[in-house]
Q: 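Quick one: structure below, then a few questions.
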Amino acid sequence: MTDSIHVDGATGSRRAPASRVGSHSFMPVVLGAPVLIWQLVFFAAPLAFLLVVTFWKVASFKLEPAFSFDNWTKVLLSGPYQKALVYTAGTASLATLLTVLVALPAAYTIAFRLSPKLRNLAVTCLIVPVFSSYLLRIYAWQIVLSPEGVINSVFKGLGGAGLSLLGGQLALQIGLLTLTLPVAILVLVLAFSGIDRTLIEAAENLGCRRSKVIVHVLLPSIRNAIVLAASTAFILSFGDYVSPLFMTGSNPPTLSILIVDTVKSGSQWPRASVIGITMLAALILVFVAGQLLTRTGKGAQ
Amino acid sequence: MNVPKFMSRDLSRRGFIKAGLAGAAVAATSKWSLAQAQEPNVLNYLSWPGNADPYLIADFEKEHGVTVRIKEYVGGDQMLAVINQSPPGSFDVVLADAEYMHLLHEADFIEELDPADYPLEDFFPEFQKFPLHWFDDKLYGVMTDFGYLGLSYNTDVYKPEEVQSYAALWAEKAQGKVGFFDWYLPSMGSISLAEGNRPPFDIDSEHFEAVKQKLFSLKPQASGFYTIADIFSSLTNGQTHLVPGIGEWITLGLRLNGVPVDTIIPDEGGLQWTESLSIVKGTPKADLARKFIQYTTSPEGQVKMATKVDNKKSIPSMAGWRLLNETMPTDAEILRLTFDAPNVMDEYKAGKIAFRQLPSQQSIEDWNDVWSEFKSL
């Protein structure tokens, strides 16, 4: 590799002819190296450090290098951790299901039922929230849902009793869907838009009703996009810290909240790292499962 | 695929530690800069947020021609973590909660002080020799301010006589409306008081177990576990009606802004938090640090401490009270720092107040674990 760089360097501004040996691999290396270095420095190295730290000890609030599995056993065997794991996985699964259930019809409507003008507007409306602060959007939901909030004021004005909306799974799912829906719908709209319209025409010409077209033509064609949207929704909601904190007041805590709690009480970075590593492992599992799903999909086609 | 060499290497114990140390070195670059800390006209102040507000320190900076540089921490654990991880000379003066003073002293982080240097005789007699600031009859911290933690409640929902006892927390009326400050110490301390434990933090394993069960029985009542900011919003938007283990440092400001909240010290008692200033061991600027403590405990400094807009506190100095009553009588009344009317010393004199302290018969971790378990029930 250094040879090829040397050769190109020697030819200088004369520009190496395309046939010169090595020049084919030169540009990709030059263009790719920063990305690779970036990944190593800012992703691989911190990740390795995170793993290393899980074996360390904390003595009088200071991290001390050690090689002990105490943190792993302490965390994995603790009741709060196990409960938080089940709760977080359950919450994220529900959020994923809801996201797909809401996003599919929404994306279908945007892609097939709206005029081009309205479609562009809808897509813009989906993109804007992605670039606005998620924290702000959650605070806005707090104002809407709280006992003295917008919904309750209207409801009480109509003579109803106050509703307890904030706190609990309803508020949490509203918060998580705020995060996942725009992304999921965008992914699915793009996928729907990419479908070859002649396939739909052919199905209709052969006498398929719309529902049959959707089930047998549209959904199979965007299978990969559905898996992508679902796994993205799961990853986003599994690791989310903001919604559980502000929509349910950490009651009960998720794994992300447990990480913060672990650090807050006694600077237990090693134990927090254990939780972090297990969360990463769970996400990798979900990602691999998604990959397998898309692969079997390809095989079936 | 090129696997980076260091990843394919056998991860031996030594390799592990080496890799970790390299990472730690990277992490260390974000630390407090020692070079800056050692500039002669800078006072390095380790403190809770907000204590370098110009309202508090501008006069001191002008008088001595120095800059106060604050490193903020949230909570005593974080304070200990920062001071443990910083090289000597990083800080000159530290503001600490009383319950952490013995840890600072045992770890040899703070200097012994000469009582004659400070206006202790101005203080209420109760606070002149505050037990948590003296070790072996030697002074290590000078009290700057204090406050009580009891039961804070929504005054639209509860009359004062309904919240005379912590039992209100378990009442049907409070179901799903009890908010908790997400810190085990004051929250579990209140429950320990409700259990009749005096002092609340020095309890044997049997009583600790009883506190645990009592706490766990509160779970159906819980609306959530809040940070300081969220305590404010959940009391304001009506999500919580009762919060044990907080005090006027939260409810007074809210009430002045029209939120219907107040704090009561229930019959079972309340907790006292206390802040004090100490000189950090090994500082070359002990002289300046001493002057800073003298300034903060002077009548003028005390008045500022009591009336800072975002965090109202009680002050231990009678001279401070006198100046406050002369210059800002309305504030003195609101803060209950007047001599001729019911004032903040009444609860103290009535023996209703226990110090907020670290658990003495169990480890901090034991209490924290119970708190984590409670949250995840």
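Since we're looking at a predicted model, the values are computed, not measured. Just the heavy atoms: all of them, side chains too, but no hydrogens, waters or symmetry mates, feed the values below. In what follows, chains are A, B, ... by sequence order, proteins preceding strands, each numbered from 1.
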Q: If you measure from CD1 on A:I143 to CG on B:N237, what distance do you get to the nearest 0.5 Å?
A: 9.0 Å
Q: Ignoring hydrogens, what is the shortest heavy-atom contact between A:N251 and B:K219? Give both atom names and the distance.
A: OD1-NZ, 2.8 Å
Q: Rounded to the nearest 0.5 Å, what separates atom NZ in A:K264 from atom CG in B:D182?
A: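 One finds 4.0 Å between NZ of A:K264 and CG of B:D182.
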Q: So what's closer than 4.5 Å to chain B heavy atoms on A:Y81: side chain, backbone, both or neither?
A: neither
Q: Does any heavy atom of chain A fall under 4.5 Å from the side chain of B:L80, the backbone, both, or neither of them?
A: both
Q: Can you say whether B:S234 sits under 4.5 Å from chain A via the side chain, the backbone, both, or neither, judging by heavy atoms?
A: neither
Q: Give me the atom names and distance for the closest heavy-atom approach of A:Q142 to B:D230.
A: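 That closest heavy-atom pairing would be NE2-OD2, 4.0 Å.
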Q: State the OG-CD distance between A:S164 and B:Q175, to the nearest 0.5 angstrom.
A: 10.5 Å
Q: Can you tell me which portion of B:N84 sits under 4.5 Å from chain A's heavy atoms? Options are side chain, backbone, both or neither.
A: both
Q: Let me know if B:N368 has heavy atoms under 4.5 Å from chain A in its side chain, its backbone, both or neither.
A: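 Answer is side chain: those atoms of B:N368 sit under 4.5 Å from chain A.
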Q: Considering only heavy atoms and a distance below 4.5 Å, find which of B:G176, B:G179, B:G76, B:S372 pairs most often with chain A.
A: B:S372
Q: Could you measure the distance from the CD1 atom of A:I257 to the OG atom of B:S376? Nearest 0.5 Å is fine.
A: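 The OG atom of B:S376 is 11.5 Å from CD1 of A:I257, to the nearest 0.5 Å.
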Q: Check the surroundings of atom CZ in A:F287: do more than 12 heavy atoms from other residues, nucleotides or ligands lie under 6.0 Å from it?
A: no
Q: Non-hydrogen atoms of chain A under 4.5 Å away: do they reach the side chain of B:L377, the backbone, both or neither?
A: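 B:L377 touches chain A through backbone and side-chain heavy atoms alike.
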Q: Can you confirm whether B:K173 is buried at NZ, in the sense that more than 12 heavy atoms of other residues, nucleotides or ligands lie under 6.0 Å from that atom?
A: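 Counting other residues, nucleotides and ligands, NZ of B:K173 exceeds 12 neighbours.
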Q: In terms of heavy-atom contacts, does CH2 of A:W269 have more than 12 from other residues, nucleotides or ligands at under 6.0 Å?
A: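 No.
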Q: If you tally heavy-atom pairs under 4.5 Å against chain A, which of B:G75, B:G224, B:S233 wins?
A: B:G224
Q: Given heavy-atom pairs under 4.5 angstrom as the criterion, report whether the side chain, backbone, both or neither of B:Q78 touches chain A.
A: neither
Q: Step by step, work out the side-chain contact (heavy atoms from CB on, under 4.5 Å) result for A:L145 and B:Q239.
A: CA-CA 10 Å; A:L145 296 175; B:Q239 221 205 330; over 6 Å; no
Q: Flag the pair B:K375 / A:K83 as yes when at least one side-chain heavy-atom distance between them is below 4.5 Å, and no otherwise.
A: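 Result no, sub-4.5 Å side-chain heavy-atom pair not found.
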